[in-house]
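Just so it is clear, the values below take in all heavy atoms, side chains as well, and ignore hydrogens, waters and symmetry mates.
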Amino acid sequence: MKPSFPSIQKQLNLAPSIRMIVPATILKEFSAELSESQFYFIHLLVSKAADSGKALHSFHSLRLDFLVKQLGSKPRERQIKGLIDMGVVAVQTNQEGKETYEPGKRAKAYQLTERYRLDIKNDKLTTYYSKAGSTLSKRLMTLRLNQKNISLEANPLIEREYEWLKNMSFDEDKAREFQDDFEQSGVRGSKPYTRQASLRLESDITVLSQLSTGDFTFNYNGSRLTTSVCNAMKQMRECIMDDKGNYFIELDLRSSQLVFLCKAVLVAYENDITMNIKRHLEKFIQDDIDITTDSIGTHSDTAMFIKHVIYGDIYRELQINDNEYHEDWIEFDKNTASKGFTIASDKAYDTSRVDYKPIVLKQLLFNYYTRKQNIPTIAKAFSESYPSIERFLMSIADESQSHKRSSDLANVTQSYEGYFFHKLALDKLQEAFPDRDFYTVHDCIGVPEDIAEEAGILLNKALESHLGISADIEMIRWD
């Protein structure tokens, strides 16, 4: 006799409340006037403002199909217009006062008005909860279920990751100890305490405590898997345990996106790919290739870039070039000129490596089609040091038909990265440890601490087989 499972409708009736982060002033002024869906839209804008890396006054594009899934039918008319009329939200307009929306090309863009953005700036945020089983709670639970089902249908291989997550438990006592330390010390690692981070931490505790229910974010977009575990703070992931009571250690691939950029560049070079670059590169997702090869020329700028990625610290090297860059050339004769600099090997810069990494990704990998002037020094230095890499990046962006033209490069590198982690790496781990559970966070794998050393050796061997990077280098390791 088959076990009975609760119907979808019964599950939805038990849909958990939604925890939203909103400006304290809005909750104080409009708590009795706004619907749950309107508060959720405000929560979306707060999240965009805090996490996008853009200036606080920036507008954020939100596609209609996305809003329908989150807010229900006719979201602009039923939810957003009222917020605009109240002066809580503004929609982006051009100099003529017309909305910048273009059907099929540009989504409407929104921001909180200045009065309420100040709450974000001044760290005056608070939480608002929907009712359990409310229309909003049911809608978002339905969205999570649909995303999970569509993801598993699109890529059945990741079902094992969904099942592994359901097997995991969460040490709330350990998490609360970290929370107390965070709030009393005022720091989380190298980052200062903020009200938003504190609220997010509380949300992580709630979500990770319910993994066994199977109701959590599990969304595969064709190249990258995002889960509630991915979205959680690293300190909260350190509180996850397997069914044997082991905590997890995360094994990271150093400079992962740049490693797989090297694969893309070498594939393009060796196969003479100069047109329809994204489409052709996607044919090589599963191909093994030795990116340490000298087929491109040992002393070429491409070879030097790959060597810095594999054998050095590419982010440190780019930071040095950025900070020491100057535009003056020393001329030896009419055909010869040079430039250079000398610095102490241990010279420190104001920006940490962790904080410098997103600058590299934004200014070098994904920003060629937007800037026409005020070129940052990191891009000027990169252009002089690695012109062949720059030409590749510009070519794939120039060809893109996407509204966000950087998405083609992101899709390629993430597809390469995803194949390695979700297929090759997990296959090796599952073969060696068939009764153990693992999780992925884009460019790393969480493994039970009692097998972390053996797992690291296996993963580095898998990387060597796939990309030719010697396992002895230990590109994959824990911090």
Could you give the side-chain donor-acceptor pairs of residues 40-48 under 3.5 Å, partners two or more places apart or in another chain?
| from | atom 1 | to | atom 2 | distance (Å) |
| --- | --- | --- | --- | --- |
| Y40 | OH | Q70 | OE1 | 2.9 |
| H43 | ND1 | I21 | N | 2.9 |
| S47 | OG | H43 | O | 3.0 |

Excluding sequence neighbours, so at least two apart, what forms side chain to side chain contact (heavy atoms under 4.5 Å, CB included) with D287?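 Counting only residues at least two positions away or on another chain, D287 forms a side chain to side chain contact (heavy atoms under 4.5 Å, CB included) with F284.
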Looking only at the side chains, is there a donor atom on one of [X] and [Y] sitting less than 3.5 Å from an acceptor on the other?
X    : Y    : value
D119 : T25  : yes
T292 : D290 : yes
E390 : S383 : yes
D204 : T206 : no
E417 : S256 : yes

With the threshold set at 4.0 Å, does a side-chain nitrogen-carboxylate oxygen contact exist between D181 and R188?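 R188 and D181: not salt-bridged.
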Please determine whether a side-chain nitrogen of the Lys or Arg among E399 and K278 lies less than 4.0 Å from a carboxylate oxygen of the Asp or Glu.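 A salt bridge is absent here (no side-chain N lies under 4.0 Å from a carboxylate O).
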Got a sec, which residues hit ring pair (Phe, Tyr, Trp, His ring centres under 6.0 Å) with F59, two or more places apart in sequence or on another chain?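 Here no residue qualifies.
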Do the side chain of N122 and the main chain of L118 share a donor and acceptor less than 3.5 angstrom apart?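 Pair found, side chain donor or acceptor close to backbone of L118.
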In terms of ring plane angle, is the pair F420 and F260 parallel, tilted or perpendicular, where the classes change at 30° and 60°?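 The rings of F420 and F260 sit tilted, inter-plane angle from 30° to 60°.
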Could you label the plane-to-plane angle of the H422 and Y220 rings as parallel, tilted or perpendicular, counting under 30° as parallel and over 60° as perpendicular?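 Geometry flag for Y220 against H422: perpendicular rings.
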Can you name the nearest heavy-atom pair linking L225 to H442, along with the distance?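 Of all heavy-atom pairs spanning L225 and H442, the closest is O-CE1, 3.2 Å.
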Return the minimal non-hydrogen interatomic distance between R200 and A232, and the atom names on each side.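 Closest pair (atom of R200, atom of A232, distance): NH2-C, 3.6 Å.
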Per the salt bridge (charged side-chain N to carboxylate O under 4.0 Å, His left out) rule, what does the pair list look like for residues 255-270, sequence neighbours excluded?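 Sorted result for residues 255-270: empty, none.
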Mind jotting down which residue pairs meet the salt bridge (charged side-chain N to carboxylate O under 4.0 Å, His left out) criterion with at least one end in residues 344-358? Sequence neighbours excluded, please.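 Every pair satisfying salt bridge (charged side-chain N to carboxylate O under 4.0 Å, His left out) with a residue in residues 344-358: D313-R353, E324-K347, K357-D443.
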Which pairs, with at least one residue in residues 49-63 and sequence neighbours excluded, count as a side chain to side chain donor-acceptor pair (under 3.5 Å)?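 Found R63-D65.
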Does NZ or CZ of R76 lie under 6.0 Å from the centre of the six-membered ring of Y101, at an angle within 45° of the ring axis?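 Relative to the ring axis of Y101, which defines the angle, R76 lies inside both limits.
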